[in-house]
Amino acid sequence: MRPDNRRTGGSTPPAHDSEVLEALARDRLDRSEFLRRAGLAGVSAAVASSFLDTGLAGGDSAAAASTSKTLRYGPDYPPGTLDPLVNNYDYPYPPFPTIYEGLLRYPPGTAWRAVNTLAESVERSADGKVVAFTLKQGIPFHRGFGEVTAEDVKYSYERAIGKQKLYPDAAKSDAPYYGSDFGTLQQVKVTGKYRGEMHFAKPFAPLLTLTLPYATSGLIISKKAVLALGKAKWLARPVGTGPYEIVSYNPTRELVMRRFEAYGGAAGPATSFPWEEIRFTLVAANAAPVGSAKTAALEAGDVDYTSSIIAQDAQRLKTGGYEVFLPPSPLNYSLMFMNVRHPKLKDIRVRQAIRYAIDIPSIIKVQNLPLNTRMDSFIVRQMPNQLGYWPDAPRHDRNVAQAKKLLQDAGVSSLSLDIADPEIGGNPNAAAVMQVIKANLADVGINVNIRLTVPDSYISNPSAGQLSYTTYGGGPDPFYQFEWFTCSQGGIWNWAWWCNKAFSAMEAGDLTAQTAVATRTATAIKMQRLMDKSAAFVWTNSTANYSVGRKGLKAAFDPNGNPWVQYFKLT
Amino acid sequence: MVEYLLKRLGLAALVVVLSAVLLALAVHLVPGDPAKIVLGQHATPDLIAQVRAEMGLDKSVPRQVWDFLSGALRGDLGTDFVYQIPVTTMIREAAPNTIALALMSVTLSIGVGIPLGISVARRPGGTLDRLTHAVAMVLISAPPYVTALVLLLLFAVRLRWFPALGAGSGSDPWDYLLHLLLPAIALSAFWWGYLPRLVRATMLEVMTAPYIRSARAFGVGERVVFYKFALRNAIVPVVALLGLLLGYTLTGTVYAEIIFGRQGLGSLALSALSQRDWPVIRAVVLAYALFFTLGNLLADIAHRFLDPRVTIGEAMDGPV
């Protein structure tokens with residue numbers, strides 16, 4: 001407890017209670033012991049009232065409340081199942097990179113640098129259709145399921161593309177979510193105990209930038225474990241090679257992991273992971289506490305780290321001695337769609353007018369984000385190797401006069417439009433952002449109705465939805481960013497219903513089938529030009545999330561802001 | 001009494017069946033495609049069709065209603081699509097926490113509210129009466145989520161007397177109780193304001209009744225008049241209110257579970273709603289409907305027991 005936060009005042013406690021109070025004030029007495037003693041001593045209301053002025057607890061107290069060997073993380077949303085192919089994330093959000101490892105990974109830090117993990121080497125053939133791998137030897141799976149072999153890699157990847165059943169007792173409807181992460185993978189050939197080859201119908205460039213080092217679908221599981229355990233037991237306690245193994249998993253309550261004593265060292269020596277135990281408090285998705293209630297568990301000393309807190313709480317806690325983190329997530333982005341097939345928005349001049357009317361810095365400010373999160377092109381410069389970045393992308397600054405002129409040219413007056421975030425929870429600040437958009441468009445004579453809940457037809461019916469605002473997650477390859485805007489995604493994730501056949505052809509063609517960075521970047525720029533020309537999208541900002549830890553906790557994040565809990569440290 | 005019981009049971013069963021039918025239909029009334037929300041960003045037309053088929057959404061509406069009703073009667077409420085766990089398992093894990101919270105809250109509400117009401121009725125206009133009158137306004141006006149937040153910030157964050165997060169472990173009763181107290185108090189606070197005023201008013205009204213005057217005239221002691229003759233009649237409206245109290249408490253558990261990060265039916269329902277996880281939504285709401293119907297049934301029976309003049313019509317006019 002911070003001495004400078006204490007205030008004096010209140011009634012003086014009776015003599016027999018003063019010892020209890022002092023011990024509490026020194027944090028030498030935990031709450032259970034206090035209540036026991038208080039019950040025995042009959043602590044009076046006057047005593048209680050004297051506590052009201054003991055001041056806010058700081059990060060120091062949180063540290064005192066737990067051991068340094070257990071990291072308590074949360075409350076956070078559960079990932080659904082912990083199967084790499086059937087989960088809510090498909091990106092390296094905890095606990096996936098803690099339990100599992102892939103052939104490659106992007107280590108924590110700010111630079112995108114894929115390094116070998118389970119793989120000794122990964123090499124793509126000259127024609128790009130074969131990717132050969134050699135595994136490190138002697139890397140054990142958890143719980144005695146043997147060492148990693150090429151058979152496990154074959155099983156993991158062929159399971160992803162549907163060539164192997166998800167579980168030996170899989171129902172007909174059990175299907176992997178993330179098969180598209182492997183493009184045109186046809187099979188994995190085992191050429192030795194530790195060697196294999198992935199064979200593709202045509203080259204799939206994102207494999208080495210996205211699938212193997214980043215996506216959960218690239219993580220390796222134990223074939224022997226899945227076959228031995230069956231669906232229910234596998235999902236209850238799956239098996240990887242990561243530095244921590246699962247002790248228990250209750251999706252709406254808690255995930256407990258302990259250090260894997262026989263860790264094979266694929267990502268460094270076992271001693272580099274300081275925690276004996278990592279406990280995640282899990283709260284049913286979207287029922288998690290928000291605002292100050294979100295940080296209450298940390299302030300009460302019940303957890304050591306919590307993520308996705310609001311800026312005001314971050315500021316308050318920083319002054320209270322806690323560690324506050326704001327790792328950028330440059331590849332995640334917020335955007336506004338304009339439905340090009342809606343009669344009110346069919347005229348491109350109307351869409352251009354709306355784009356001119358919107359004040360992006362105001363949208364960023366209302367989310368309490370730094371102004372440098374503004375996107376200067378759809379594929380941002382922070383993409384690995386600046387792959388796909390368009391440095392000369394036009395910047396659409398606010399120009400009310402130009403917007404009015406375009407509307408006048410289009411012969412549009414007294415226009416009224418709906419706006420919604422059809423994906424519930426897509427962006428927690430969506431309501432505030434939509435208010436800004438409403439005010440911006442009012443300046444050019446467009447009335448906007450904010451609809452907080454909309455039926456599914458808002459997306460699925462091309463003549464229903466009008467404006468939509470949300471946030472999408474991104475990945476370290478332009479393929480991941482572009483894939484939602486093809487013709488086939490109309491009514492699913494392409495809420496603009498914009499369909500450009502050349503764009504879709506490039507997405508399925510040169511963007512993924514060419515492996516040279518320069519060629520792929522040129523393709524990505526062409527695709528961005530088409531998107532920009534359509535005026536169907538307004539890119540507003542990339543995202544960043546505040547998180548906070550107890551005093552002395554040093555958190556670690558990958559270049560897109562995903563926390564890697566095994567690298568958290570106490571200093 | 002038997003006829004009354006049978007009628008009341010029949011009505012309760014009808015309410016549960018109608019609730020189940022409405023729940024089966026609700027999937028078509030709420031916006032959002034459940035299959036797409038479950039699949040997230042990697043939804044493809046094929047996967048969406050597959051999950052819709054798994055959810056039974058490709059069948060006719062009457063068939064969906066029948067499947068749900070017949071499944072519920074067999075104890076098969078389907079499988080959760082997000083966690084791939086049988087829904088009955090999820091309900092079995094979550095319900096004890098919610099029931100414990102509701103029972104603790106009802107116990108605290110009655111255990112504090114009624115004795116306090118009796119105390120102030122003994123000395124109307126006294127210091128305690130004036131104090132409870134003033135405090136009651138505050139407690140009645142505060143929504144349970146505000147009370148919960150205040151309690152959380154004061155007693156968990158600031159004073160650290162109670163845990164802020166979770167439901168605790170059943171293997172450690174003391175820990176479980178500590179996790180239970182703040183949320184239960186948050187739900188009871190409203191009734192600590194309301195029940196004393198109600199008990200006071202009914203007691204004072206009964207105390208002016210002719211039979212009380214007669215008892216006093218016969219020389220019956222004041223304590224006997226107050227606790228034996230007056231209290232029994234004064235308590236009848238309070239018992240009639242128990243159904244409402246239970247309903248308020250059950251709905252309040254949703255706020256309490258979210259604010260305190262407790263595993264329970266309320267947090268499960270909210271999560272399932274946002275994910276359009278229909279098997280879970282239907283099961284949780286059905287469980288709430290069952291608890292609510294059962295609570296009202298018990299309250300009505302108790303009411304009838306205390307006042308045999310009560311008929312079905314009167315009971316139904318009450319706060320059911």
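Just so you know, these numbers come straight off a predicted model, no measurement behind them. Labels below follow one simple rule: chain letters A, B, ... track the order of the sequence lines, proteins then strands, and each chain is numbered from 1.
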If you count heavy atoms of other groups shown closer than 6.0 angstrom to [atom1] of [X], is the number above 12?
X: B:Lys59; atom1: NZ; answer: yes
X: B:Tyr255; atom1: OH; answer: no
X: B:Tyr145; atom1: OH; answer: no

Say whether, by atom type as modelled, one donor and one acceptor occur between the side chain of A:Asp302 and the main chain of B:Pro163 under 3.5 angstrom. no
Check: A:Arg253 side chain, B:Ala167 main-chain N or O, donor-acceptor pair, under 3.5 Å: no
Smallest separation among heavy atoms of B:Ala164 and A:Ala300, with atom names: CB-CB, 3.6 Å
Exercise: identify the closest heavy-atom pair between A:Pro251 and B:Tyr83: CB-CD2, 3.4 Å
Rounded distance [0.5 Å steps], [atom1] in [X] versus [atom2] in [Y]:
X: B:Gln84; Y: A:Tyr167; atom1: CD; atom2: OH; result: 5.5 Å
X: A:Glu299; Y: B:Arg160; atom1: CD; atom2: CZ; result: 8.5 Å
X: B:Leu153; Y: A:Thr295; atom1: CG; atom2: OG1; result: 8.0 Å
X: B:Leu165; Y: A:Leu298; atom1: CG; atom2: CG; result: 10.5 Å
X: B:Gln263; Y: A:Thr281; atom1: CD; atom2: OG1; result: 11.5 Å

Could you look at A:Leu82 and say if it's the side chain, the backbone, both or neither that has a heavy atom under 4.5 Å from chain B? neither
A:Asp83, part contacting chain B, at a heavy-atom distance under 4.5 Å: neither
